[in-house]
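To find a chain, count down the sequence lines: A is the first, B the second, and so on, and within it residues start at 1.
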Protein chains: 2
Amino acid sequence: MATMHDVARLAQVSVSTVSYVLTGTRPISQATRNKVLAAMAQLDYQPNAMARGLASRRSRILGLLMPMDERGLGATETAFVTGAAAAASVAGYHLVLSPVGGGNLDDLRRLASQRMLDGVVLMEVQLADERVTVLQEAGVPLVLIGRTGDTSTLSYVDIDFDQTVRDAVAHLVGLGHRRIVYVNHSAATLASGYGPALRTRDAFTASMTGHGLEPVMIAAEDSAAGGRAALAAAFAQAPELTAVLAMNETAIFGILGELTGRGLSVPDDVSVVSMVTSPQVAELATPALTAMTSPGSALGRIAIEALTRHLDGPADLRHQQLLPCALEIRGSTAAPRSRQPMGADQ
Amino acid sequence: MATMHDVARLAQVSVSTVSYVLTGTRPISQATRNKVLAAMAQLDYQPNAMARGLASRRSRILGLLMPMDERGLGATETAFVTGAAAAASVAGYHLVLSPVGGGNLDDLRRLASQRMLDGVVLMEVQLADERVTVLQEAGVPLVLIGRTGDTSTLSYVDIDFDQTVRDAVAHLVGLGHRRIVYVNHSAATLASGYGPALRTRDAFTASMTGHGLEPVMIAAEDSAAGGRAALAAAFAQAPELTAVLAMNETAIFGILGELTGRGLSVPDDVSVVSMVTSPQVAELATPALTAMTSPGSALGRIAIEALTRHLDGPADLRHQQLLPCALEIRGSTAAPRSRQPMGADQ
DNA sequence: GAACTTCGTCGAAGCGTTTCGACGAAGCGG
DNA sequence: CCGCTTCGTCGAAACGCTTCGACGAAGTTC
């Protein structure tokens with residue numbers, strides 16, 4: 001391993017000159033710069049990340065903290081990651097993913113206080129998220145993907161759930177549906193303060209009420225069985241339902257299975273819209289799902305850009321931004337069969 | 001941020017003594033140790049990772065290199081990751097995931113030569129994988145999850161595809177199936193030298209031939225549409241098929257949809273077995289899929305253990321190990337309907 | 001052309017650890 | 001009780017880089 005010393009000797013300049021060539025913090029004449037670059041190439045020199053980090057007190061490493069639960073990363077989360085990695089690379093940072101789950105807060109504290117991360121992007125943020133506190137105490141700059149309850153002081157990027165739900169409901173209502181059931185995440189998830197579940201619940205209520213319709217929400221476990229149970233519950237609460245809006249990407253497969261099992265056809269008997277879903281998953285189902293497509297890679301990119309701007313720039317500005325999901329119509333929605341659009345009060 | 005200096009001063013010992021307390025490389029009396037620990041607690045001291053890395057020439061960071069393509073991480077890959085992270089934590093290492101895709105080999109080279117990673121676990125290894133060369137040139141110890149073509153010199157953990165396919169085929173043959181079609185990954189994937197696809201192909205041929213049956217393999221694109229096309233191709237090549245064995249986790253949903261679309265019931269008309277699948281995904285389908293469950297977290301754990309043993313231990317031993325997937329019978333397999341088990345030649 | 005800047009380079013002082021050699025104090029066999 | 005190890009501690013030298021102050025040389029300003 002060649003060091004800066006070796007490069008300096010070969011190029012017949014001082015060590016500091018080599019450093020300035022590398023970092024560009026002071027002007028260097030073209031002639032010397034070339035000499036140095038040639039020496040670096042000849043020695044196949046690579047700066048030592050540790051030494052650089054120690055001396056400059058910045059690691060040029062950004063962390064993406066993603067709790068990994070059993071059910072894996074959806075294509076949505078993957079898109080976050082790839083978007084973020086690309087943006088980090090552009091800004092001259094490395095991005096590392098840390099699978100620190102909810103449990104090991106100590107692990108996170110250690111990571112944060114060891115000054116190994118210049119900044120952090122938090123995924124899957126809870127309304128009351130202890131990780132935020134830990135990182136703030138450790139003085140690590142952070143950007144959220146998602147939002148805590150109190151959004152006033154932090155930088156975040158999040159999905160505009162309000163707008164997304166409104167668009168989804170509007171699509172169904174526009175087709176003539178009146179009895180629409182919303183299948184959310186589980187009651188436990190709601191109780192734990194999971195933002196997306198809460199926000200979509202409220203948005204759904206508001207949106208349906210705005211159309212003069214009655215909002216019916218079912219909480220479903222994140223599993224196919226949970227989806228089946230949810231559909232049964234839905235029919236119990238709203239026997240005449242003609243459309244299902246589902247936030248729960250896992251349960252939706254159970255919903256589809258149960259619908260088929262009951263001899264009901266999608267979309268002719270019941271329309272189905274999947275929320276915050278990637279095209280890949282939407283295409284898995286038969287028929288392919290009409291879905292609200294999440295702006296995955298854009299979220300990741302914007303989060304990293306906000307973070308690097310904060311780190312490199314002088315200003316310590318907050319960045320807060322919401323992005324809606326885009327409606328992509330596939331085969332799972334249509335006008336309700338029996339009842340034609342009964343142009344009620346619009 | 002408190003430094004070792006501060007701790008040393010407060011505890012009234014020398015800096016080196018504090019270091020020895022921390023690293024345990026030299027004996028320290030209980031009395032001094034306690035003084036030092038008290039001082040560290042009082043100052044909320046955390047060692048600086050960069051300084052430590054520079055001085056000791058080891059970062060205590062392990063990399064898990066996972067190419068992230070669009071379709072996301074399955075539960076299987078996620079299990080790798082969680083298993084690996086847990087094992088790393090036990091061994092006193094941090095695990096970071098690096099989403100270095102196939103394209104950015106330079107990125108990998110930089111990461112490797114910057115001495116930021118003590119060792120690396122490679123996921124999704126190709127038969128001829130350039131990343132291996134890059135890392136070996138950079139002198140970074142590595143362990144593969146998967147195998148390259150020439151397995152003689154490297155450490156690896158992999159699924160025992162041979163055994164797994166044999167078990168899956170045996171299950172179907174035991175139920176009375178004779179016409180079994182194997183749905184593999186795409187032709188392009190096969191051509192690119194993706195080990196699992198190639199190995200299962202060969203194992204399937206061997207296994208079927210061993211039972212005196214004719215092996216029929218179809219290559220399917222990784223999508224629901226690919227699965228549908230594959231099923232059509234399968235019926236064209238083997239009209240009397242009664243069972244499908246599928247390696248392609250994505251295509252299998254298309255296969256199921258197409259089967260239902262043709263008015264065929266699973267498992268009564270056609271049995272379906274999914275290879276290298278997590279329970280979570282198997283349960284998504286209706287009916288739930290009989291599947292070969294991958295030993296995900298064990299693979300991750302074993303890989304990290306092999307790596308840390310190599311790093312910490314003196315011996316530089318190779319670790320090579322194969323783990324089979326376990327057959328989990330769910331609702332998608334049964335004896336073939338029309339043809340009763342025709343006890344041919346066994 | 002004297003008094004200032006700006007440019008390009010150098011030497012040296014850190015950054016916060018680990019680790020090596022040294023050394024007094026015990027413990028021990030003969 | 002004399003040399004020997006072993007134990008517990010210290011001081012100082014790395015580790016490979018960044019960054020600060022300094023300083024000639026050259027360019028500007030009046």
Contacts of [X] that satisfy salt bridge (Lys or Arg N to Asp or Glu O under 4.0 Å) - sequence neighbours left out:
| X | answer |
| --- | --- |
| B/R109 | B/D106 |
| B/R301 | B/E305 |
| B/R60 | none |

**side-chain hydrogen bond (donor to acceptor under 3.5 Å, both in side chains) involving A/R9 - partner list, sequence neighbours excluded** =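 Result, side-chain hydrogen bond (donor to acceptor under 3.5 Å, both in side chains) vs A/R9: A/D6.
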Original post:
Taking only residues at least two apart or on different chains, which pairs with a member in residues 79-99 of chain A satisfy salt bridge (Lys or Arg N to Asp or Glu O under 4.0 Å)?
Top reply: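 For residues 79-99 of chain A: none.
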With sugar-phosphate taken as primed atoms, P, OP1 and OP2 and all else as base, the protein-contact string of nucleotides 5-14 of chain C at under 4.0 Å (heavy atoms; B, S, -) is ---SBBB--B
Whole-Å distance between [N] [atom2] and [X] [atom1]?
| X | N | atom1 | atom2 | result |
| --- | --- | --- | --- | --- |
| A/Q114 | C/dG16 | CD | P | 15 Å |
| B/R58 | C/dG16 | CZ | C1' | 18 Å |
| B/H5 | D/dA12 | NE2 | C1' | 11 Å |
| B/N48 | D/dC17 | CG | C1' | 14 Å |
| A/M1 | D/dA14 | CE | C1' | 19 Å |
| B/M50 | D/dT18 | CE | C1' | 14 Å |
| A/R60 | D/dC17 | CZ | P | 16 Å |
| B/L54 | C/dG16 | CG | P | 12 Å |

**Message:** Please confirm whether the shortest side-chain N or O distance from B/R52 to OP1 or OP2 of C/dG16 is below 4.0 Å.
**Reply:** no
- prompt: Within the pair B/R57 and D/dC15, is there a side-chain N or O less than 4.0 Å away from OP1 or OP2?
  reply: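 For D/dC15, OP1/OP2 do not have a side-chain N/O of B/R57 under 4.0 Å.
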Axis-to-axis angle for the helix from C/dG1-D/dC30 to C/dG30-D/dC1, ends of five pairs each, to 10°, equals 30°
message = If you count every heavy atom of other residues, nucleotides or ligands that lies below 6.0 Å from B/Q12 atom CD, does the total exceed 12?
response =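 Incorrect, the count does not exceed 12.
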Is there a donor-acceptor pair under 3.5 Å between the side chain of A/S59 and the backbone N or O of A/M116?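 Flag set: sc A/S59 to bb A/M116 pair under 3.5 Å.
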- [ ] Identify, with sequence neighbours excluded, every residue that meets ring-ring contact (aromatic ring centres under 6.0 Å, His included) alongside B/Y194.
- [x]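 ring-ring contact (aromatic ring centres under 6.0 Å, His included) check on B/Y194 returns B/H185.
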Q.
According to side-chain hydrogen bond (donor to acceptor under 3.5 Å, both in side chains), does anything in residues 143-157 of chain A pair up with another residue at least two apart or in another chain? List the pairs.
A.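 Only A/R147-A/D158, A/D150-A/S152 qualify under side-chain hydrogen bond (donor to acceptor under 3.5 Å, both in side chains).
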